[in-house]
Amino acid sequence: MKKVLTIILGLSCLAVGAQKKWSLRECVDYATKNNLQVIQNEYSKQIQDLNLKIARKNYLPSVSANMGNSVSFGQASLGTGSIRNDRFSNNANLGADMLVYNNGRLEKTIRKTEFDVEASQYDIETIKNDISLQIAQQYLTTLLNKEIVKISQAAVENAQKQFDRSKITTEVGTTAQTVLAEAEAGLAREKQNLKTAEINVGRSLFALAQLLQLQDYKNFDVEDVTVPDQLAPQLISVDEVLTTAYETQPQVKAAESRIKSAEAQTEVTRTAFWPTVTASAGIGTFYNNLLNTRTTGYDQFGNPIAEPTFFNQYKDNFGQNLGISVNIPIFNKGITKLQVEQSKLQESIAKTTLQQQKQVVRENVQKAQFDVDANYEIYLSALQAEKSTKLALDFADKSYAAGRSTIYDVNIARNNYANAQGSVAQAKYNYLFSLKLLNFYAGIPLSL
């Protein structure tokens, strides 16, 4: 039994050790596939697909069949008198009608629906892009927090060394007890900072798992991506990015499709001014049965004529018909004209929406460009500050070892260096995200 438990525990440890770590690409692909908002808009797209199929089906003729039965009892009027009329009747008809001419209404409706389908697809792509950017930002935030954990771990190691050294010097009497107390307090502060950093990693992982809509968020983790210590400035111009963004961003493409849809709807509405020609064809037959007699009359010799059977009557009464009808609009209270005006207004709204979408894209690109330039400058400044504080920490350590400074000076220098390292990490990931965002508008997929 102990061996079985040992094997089970060993396998469990292996499973934990082999825990999957998600890449940015995997996170983006999973979110864009399983996000509920994406799924909801895919249903809307399917509705538009069905509308397109319906519009195309209107080319086919409409075929219908009907069968009726009726029974009557009692007297029926016959001249100045009446006659007994107990009767059973049956009829069956099959008919078809087909639109022959309507000034291209069917074609225009199909074209309008095709543009609606395009717009729905672009709507899905827009939502996927928004989710992808949220995922990328949170992913980089997680990497930043992991970087801060490494910085905090290094600070704890240095504080531990300082505490161990102070403990020895205090025990041999070369430093005062206050030095050991300060070293111990510094170590406690660094451990607290480390714990806070670790909690921030868990918090950012939880937020990312929420974006992915994962139920098992406790076992979720991301890949440890190595970000270069030295980052190069971007060289893409805003005009180049804007040109690409206007051509590729789905919210712009959706607005363009909706303009085309509105224009096509105006053409559909105008067809109401024109006549509609419809052709029809049908076949039918009927059966009559006089319930109060089995004869329909007498022949020339006075012999009763038997009533034909059901199938004989269906055969003898079989008939066909063809028809064509023209519906010419003359006056409908001016409603068609007003509907055309409404459609023209919808065109104007769609064109304004396109300009709004382009304005949003332009503002986003310009902001991304500004953030890239600003964050790179902050990154360079943070690197210089890190270099200076590192040098100051080295001097403080040497000065303390030589007895020319206090442990308080060392702790201050160490805190300054840790803060500078955190500022470098923050600036590095801020610059990286703004650069990825700008590249995204330039048509470059998100990746690390």
Side-chain angles (χ1 to χ4, degrees), residues 9-10 12-14 16-17 19 21 141-206 218 221-231 378-430:
L9 291 174
S12 300
C13 293
L14 287 174
V16 172
Q19 177 184 354
K21 291 190 175 183
T141 300
T142 303
L143 295 182
L144 169 62
N145 288 334
K146 286 191 171 187
E147 188 80 9
I148 293 176
V149 166
K150 294 178 182 179
I151 295 172
S152 298
Q153 288 173 342
V156 169
E157 292 175 1
N158 291 331
Q160 184 67 52
K161 292 177 182 179
Q162 183 70 43
F163 172 75
D164 294 339
R165 186 171 57 184
S166 299
K167 185 176 181 181
I168 294 173
T169 57
T170 301
E171 288 176 350
V172 299
T174 57
T175 56
Q177 188 70 29
T178 55
V179 173
L180 177 61
E182 176 59 25
E184 185 177 5
L187 177 60
R189 285 193 297 268
E190 296 302 339
K191 287 183 177 180
Q192 180 184 9
N193 292 337
L194 175 59
K195 178 57 64 176
T196 300
E198 290 173 344
I199 291 174
N200 287 336
V201 171
R203 182 178 287 112
S204 60
L205 283 172
F206 174 74
K218 293 184 179 179
D221 199 1
V222 298
E223 289 182 345
D224 296 325
V225 180
T226 301
V227 178
D229 292 332
Q230 298 296 326
L231 300 177
I378 294 173
Y379 168 69
L380 294 178
S381 300
L383 283 178
Q384 186 61 40
E386 180 190 32
K387 182 179 179 181
S388 300
T389 54
K390 178 65 169 65
L391 184 62
L393 177 60
D394 292 339
F395 283 144
D397 279 334
K398 292 177 182 179
S399 179
Y400 176 72
R404 291 193 297 269
S405 63
T406 66
I407 191 173
Y408 300 100
D409 299 325
V410 175
N411 285 340
I412 292 174
R414 186 173 60 244
N415 289 336
N416 291 338
Y417 178 59
N419 291 334
Q421 285 180 303
S423 296
V424 169
Q426 182 77 54
K428 180 169 62 175
Y429 281 98
N430 285 345

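Between Lys167 atom NZ and Leu180 atom CG the span is 8.0 Å, to the nearest 0.5 Å. With rounding to the nearest 0.5 Å, the separation of CG in Leu144 from NZ in Lys146 is 12.0 Å. Remark: Phe163 CZ to Glu184 CD distance equals 5.0 Å, nearest 0.5 Å. Put simply, CG on Asp409 and CG on Leu393 are 11.5 Å apart, with the number rounded to the nearest 0.5 Å. In this structure, CD in Gln426 is found 6.0 Å from CD1 in Ile148, a value given to the nearest 0.5 Å. With rounding to the nearest 0.5 Å, the separation of CG in Leu383 from OG in Ser423 is 11.0 Å.
The side chain to side chain donor-acceptor pair (under 3.5 Å) analysis of residues 385-396, with sequence neighbours excluded, yields the pairs Lys390-Asp394.
Here Thr141 pairs with nothing under the side chain to side chain donor-acceptor pair (under 3.5 Å) rule; sequence neighbours left out. For Phe206, the ring-ring contact (aromatic ring centres under 6.0 Å, His included) partners are Tyr217, not counting sequence neighbours. For Asn200, the side chain to side chain contact (heavy atoms under 4.5 Å, CB included) partners at least two apart in sequence or on another chain are Asn145, Thr196, Arg203. With sequence neighbours excluded, the residues that form a side chain to side chain contact (heavy atoms under 4.5 Å, CB included) with Ile378 are Asn375, Ala427. With sequence neighbours left out, Ala155 forms a side chain to side chain contact (heavy atoms under 4.5 Å, CB included) with Glu190.
No side-chain N or O of Asn158 forms a donor-acceptor pair with one of Gln162 less than 3.5 Å apart.
Of all the heavy atoms in Ala425 and Ile151, the pair that sits closest is CB-CD1, 4.4 Å. What you find for Asp221 and Lys21 is that their closest heavy atoms are OD2-CE, 3.4 Å.
A salt bridge links Glu182 with Arg189: the closest approach of a Lys/Arg side-chain nitrogen to an acidic carboxylate oxygen falls below 4.0 angstrom.
Heavy atoms from other residues, nucleotides or ligands lying under 6.0 Å from CZ of Phe395 number 12 at most.
Leu205 places a side-chain heavy atom less than 4.5 Å from the side chain of Val222.
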